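Bear in mind the structure is a predicted one, so any value in this text is a computation, not a measurement.
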Amino acid sequence: QVQLVESGGGLVQPGGSLRLSCTSSRSISSFHAMAWYRQAPGKQRELVARITSVGSINYADSVKGRFTISSDNAKNTVYLQMNALKPEDTAVYYCSVVLDTTYWGQGTQVTVSS
């Protein structure tokens, strides 16, 4: 009932920036929460950033001060602005939203390497 499409991933040098986008088939104002997760090779999926319907925002300690989650209701899109990227940020990044249940995007690859 909800389709999520991520974009904006790619290869970037350490210290560089990327902005990920997650476009929803449904109005994002209807979601209880929206979040970005990531999964690196050999590691479990981890929460990167989350924003709730009541406006609370939280980040993983490893990205705090470097990443910013935001949304544009008119475009039905959630963003993740990533600055000062490090090699350890390399992972597949997934968009997730909560409505009646949790929905996931297909993922977009982010590679940070010189």
Side-chain angles (χ1 to χ4, degrees):
Q1 296 188 37
V2 179
Q3 287 77 49
L4 304 172
V5 179
E6 300 109 326
S7 63
L11 175 64
V12 65
Q13 295 183 350
S17 298
L18 285 173
R19 188 177 73 163
L20 306 183
S21 298
C22 173
T23 300
S24 171
S25 64
R26 298 279 295 270
S27 172
I28 63 172
S29 64
S30 66
F31 299 143
H32 301 302
M34 301 175 288
W36 288 94
Y37 289 76
R38 67 185 181 188
Q39 186 167 24
K43 297 183 178 180
Q44 292 186 324
R45 182 166 52 190
E46 65 172 341
L47 176 67
V48 176
R50 179 175 60 198
I51 182 169
T52 73
S53 61
V54 296
S56 63
I57 298 174
N58 62 290
Y59 299 95
D61 288 342
S62 60
V63 308
K64 197 170 299 181
R66 299 188 297 121
F67 290 11
T68 303
I69 188 170
S70 63
S71 61
D72 186 334
N73 289 350
K75 297 181 179 179
N76 288 337
T77 300
V78 181
Y79 302 98
L80 184 68
Q81 178 67 47
M82 305 185 294
N83 299 325
L85 283 162
K86 305 174 181 179
E88 50 263 45
D89 294 319
T90 296
V92 177
Y93 284 70
Y94 297 91
C95 178
S96 176
V97 302
V98 179
L99 185 56
D100 56 323
T101 186
T102 301
Y103 297 87
W104 297 89
Q106 83 287 349
T108 185
Q109 177 72 47
V110 172
T111 302
V112 185
S113 176
S114 59

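Checking side-chain atoms of Thr90 against main-chain N and O of Val112 turns up a donor-acceptor pair under 3.5 Å. With Arg26 contributing its side chain and Val2 its backbone, the two residues share no donor-acceptor pair below 3.5 Å. A donor-acceptor contact shorter than 3.5 Å links the side chain of Thr52 to the backbone of Ser56.
Tyr79 and Val48 end up in different hydrophobic clusters when Ile, Leu, Val, Met, Phe, Trp and Tyr side chains are linked at under 4.5 Å. Follow the hydrophobic side-chain contacts under 4.5 Å out from Tyr59 and you reach Val78 in the same cluster. By the rule that hydrophobic residues join a cluster once side-chain heavy atoms approach within less than 4.5 Å of another member, Leu99 and Val97 end up as members of one cluster. No continuous path of ILVMFWY side-chain contacts below 4.5 Å connects Val98 to Ile51, so the two sit in separate hydrophobic clusters.
Tested against Trp36, the residues Met82, Glu6, Arg50 include a single side chain to side chain contact (heavy atoms under 4.5 Å, CB included) partner, Glu6.
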Checking side-chain contact (heavy atoms from CB on, under 4.5 Å) for the pair Phe31/Ser24: CA distance, chi angles, key distance, verdict? CA-CA 10 Å; Phe31 299 143; Ser24 171; 3.3 Å; yes

Quick one: do Ile69 and Ile57 satisfy side-chain contact (heavy atoms from CB on, under 4.5 Å)? Show the steps, please. CA-CA 8 Å; Ile69 188 170; Ile57 298 174; 3.7 Å; yes

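The side-chain heavy atoms of Leu20 and Tyr94, taken from C-beta on, include no pair separated by under 4.5 Å. Contact check for Thr108 versus Ser7: no side-chain heavy atoms found under the 4.5 Å cut-off.
What you find for Ala91 and Ala40 is that their closest heavy atoms are CB-N, 3.8 Å. Smallest separation of non-hydrogen atoms from Glu46 and Arg38: OE2-NE, 2.7 Å. Heavy atoms only, all atoms of each residue included: Ala84 and Arg66 are closest at O-NH1, 2.9 Å. Here the shortest heavy-atom pairing between Leu18 and Val110 reads CD1-CG1, 3.9 Å.
Using a 4.0 Å cut-off between charged nitrogen and carboxylate oxygen, Asp61 and Lys64 count as a salt-bridge pair.
A distance of 11.0 Å separates OG1 in Thr111 from CG in Asp89, rounded to the nearest 0.5 Å. Between atom CG of residue Leu4 and atom CG of residue Asn76 there is a gap of 10.5 Å, rounded to the nearest 0.5 Å. Distance check: Ser30 OG to Asn73 CG gives 9.5 Å after rounding to the nearest 0.5 Å. Atom CG of Leu80 sits about 12.5 Å away from atom OG of Ser71, to the nearest 0.5 Å. Here the straight-line distance linking atom CH2 of Trp104 with atom SG of Cys22 works out to 11.0 Å at 0.5 Å rounding.
Counting only residues at least two apart or on different chains, the side-chain hydrogen bond (donor to acceptor under 3.5 Å, both in side chains) pairs with a member in residues 8-19 are Ser17-Asn83.
Side-chain contact, Ser25 with Gln3: a donor N or O sits under 3.5 Å from an acceptor N or O.
Heavy atoms from other residues, nucleotides or ligands lying under 6.0 Å from CD of Glu88 number more than 12.
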